[in-house]
Amino acid sequence: MTAVELPGTVAAPPPPDGDLVLDVRDLRMRYGTVDVLHGVDLTARRGEVLALLGPNGAGKTTTIEILEGFRMRSAGELRVLGVDPARGDERWRARMGVVLQSWRDHGRWRVQELLTHLGSFYAPYSTDRVRRPWPVPELLDAVGLAEHARKRVSQLSGGQRRRLDVAVGIVGRPELLFLDEPTVGFDPAARREFHELVHRLADLDDTTILLTTHDLDEAEKLADRILILAGGRIIAEGSPDELSRRIAGNAEIRWTRDGDRFVHSAADATAFLRELFRQHGDEVQELEVRRPSLEDAYMALVYEQESGARDGGAARVWQQGSQE
Amino acid sequence: MNPTTVAVRAGFRRGVIELRNTFTNAQDLWGYLFPTLILVVTIFFMRGSTVPGTDFSLGARTLPSALGMGLAFGGLIALAQQLVVEREDGTLLRAKATPNGMLGYLVGKLTLMSTTALASMLIQLVPSLFLVDGLRLTSAGAWLTLLWVAVLGLVATLPLGAVIGSLIESARNLGLVMLPMMGLIAFSGIFYPINGYPGWLQAVAQVFPIYWLGLGMRSALLPDALAAVELGGSWRHLETLGVLGAWAVLGLVLAPVVLRRMARRESGSRVAARRERAMRQVF
């Protein structure tokens, strides 16, 4: 469980191979007298998918906009694709893709036309390793818009429009892709196709992806690592599995015996059950074991952060975790 | 190939695509034809009236003046309007997220705006010619003057339009610019000579490009004899060149600074906030 880091612990120094696509240390943002980010640390390696979760107003959008180079930070050490975003030039810009919430632009353009046009800006930045731009017919296939290529953008449905946004985000074959709530308005089939696309980008093209979402199920499916941002700092970080096990801690075991209900919480559910059956055998009825879900973990963490309760469950688990 | 060259070319293509989109859109086409309709009606009602002090038709004098006004309007307001709207719908942010996208966007916009301004001029000129006599339509010199005034007019007004569009935050505030423009048109000698106006009003009018664009167009299309009833009794080409040139320099110096500042501040949350504000105002 080494990937789960305590808040405030110092991350390992960057490896010399420069595999670190995102390297953020102590990022701070202040608007007037209000601190929005109080020292965010995060790193991402090539091909890694990171999900940034957090309640509204936690600073997700601010963080992403700073990393995209669209907003100036107040303080902190930042390297995005090896470059400080405040000094990123067009060559740097060509290596990343941005999919923001709710675009409504270019309504009169045809889908194919828009992708060809925006793609053409990337051609001078093509390298032997990364051929830019992505050929439009292939790209349309990849996002499932091939049959709508000749349509005007304003004629697309909400989900199709969103897929076009994603297509625009990846037309330059980015090494780093920012996705801000990418699947809002998707039907389940479109969502699944989108998830496949994200896996494909990360696995085949080695694209590093930072996405924000409110959908915990989506974060669990897509992300290698989840970062929970609340109150302007990263309050937890780890794989979906680690987070849910670590933070919500114990599994909950319910059963009945002689008509009485029992509830027990155990870190090692299997060992507990073995002992339970050894003692009571067939008397144990209606057995139910519930593992903590990512949602439980998320709610526990955010609740604790918001209520400021330092003696809450999550803190206890943090301690347990660090002793293991 | 050089990224800048690529972006400029992409910008031209962008302009061409947008031209096709605008000239195949019914609402836009109506927007181009409407001023012509107004002009034709105006000229119709001016029949029988003459330019004071001459026996030359007032309608024939109004036609070139209105062309000049249209050019100023196209350069100042139409571009500003597009910038405001496209900042709101995310087009500009999209350009910013693309390498050299802002350059491409601007080249595209200039291609679009200058072509539509010149096209609008032709759309107004051609039907009106059936209503008026006495214009110097067969003189090559007339067309040459018309060309340089039109081009200089665009160079003088488009950068200013970009500045206005960058400074205005929402489409509703465009009215703040429209109203003074209307006032300016009223005393810029477009529909009636301003010789009888108080001196200070004449002075104010001569500070702004609209007066000079009207004068320049008149100098191109009207017979030379009519120069006598202009202020100063001449077409004052040097002064036209001077004033329009000064506005061009001012615009070209200011526009990059203001545009860069506007672009730098653009981000996803700003677009979202602007849209939310617009929604609140609608409901």
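Throughout, a chain's letter reflects where its sequence line sits, starting with A, and its residues are numbered from 1.
The shortest side-chain heavy-atom distance between E18(B) and W109(A) falls under the 4.5 Å cut-off. In this structure the side chain of D28(B) reaches within 4.5 angstrom of the side chain of R108(A), judged on heavy atoms. Counting heavy atoms from C-beta outward, R104(A) and T91(B) have side chains that stay 4.5 Å or more apart. Contact check for L118(A) versus R94(B): side-chain heavy atoms found under the 4.5 Å cut-off. Side-chain contact between P99(B) and R95(A) is absent, with no heavy atoms from C-beta onward closer than 4.5 Å. Side chains of F121(A) and V6(B) form no contact here, defined as non-hydrogen atoms less than 4.5 Å apart. Annotation: side chain of E90(A) is not in contact with side chain of P3(B) (no heavy-atom distance under 4.5 Å). Between V271(B) and L100(A) the shortest side-chain heavy-atom distance does not fall below 4.5 Å.
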Residues K96(B), F70(A); criterion side chain to side chain contact (heavy atoms under 4.5 Å, CB included); working and verdict: CA-CA 9 Å; K96(B) 194 180 164 184; F70(A) 288 169; 3.7 Å; yes

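Using a 4.5 Å cut-off between heavy atoms, A123(A) does not touch chain B at all. In this structure, chain B has a heavy atom under 4.5 Å from the side chain of V168(A), while its backbone stays farther away. Only the side chain of R152(A) comes within contact range of chain B, with heavy atoms under 4.5 Å apart. Within the 4.5 angstrom heavy-atom criterion, atoms from both the backbone and the side chain of S120(A) approach chain B. When heavy atoms are compared at a cutoff of 4.5 Å, R71(A) approaches chain B solely by way of its side chain, counted from C-beta outward.
Remark: Y31(A) OH is packed, more than 12 non-hydrogen atoms of other residues, nucleotides or ligands lying under 6.0 Å away.
A salt bridge links R20(B) with E113(A); the closest basic N to acidic carboxylate O contact falls under 4.0 Å.
Once rounded to the nearest 0.5 Å, the distance linking CD1 of I64(A) with OG of S267(B) reads 12.0 Å.
When A95(B), A272(B), G90(B) are compared by the number of non-hydrogen pairs under 4.5 Å with chain A, G90(B) comes out ahead.
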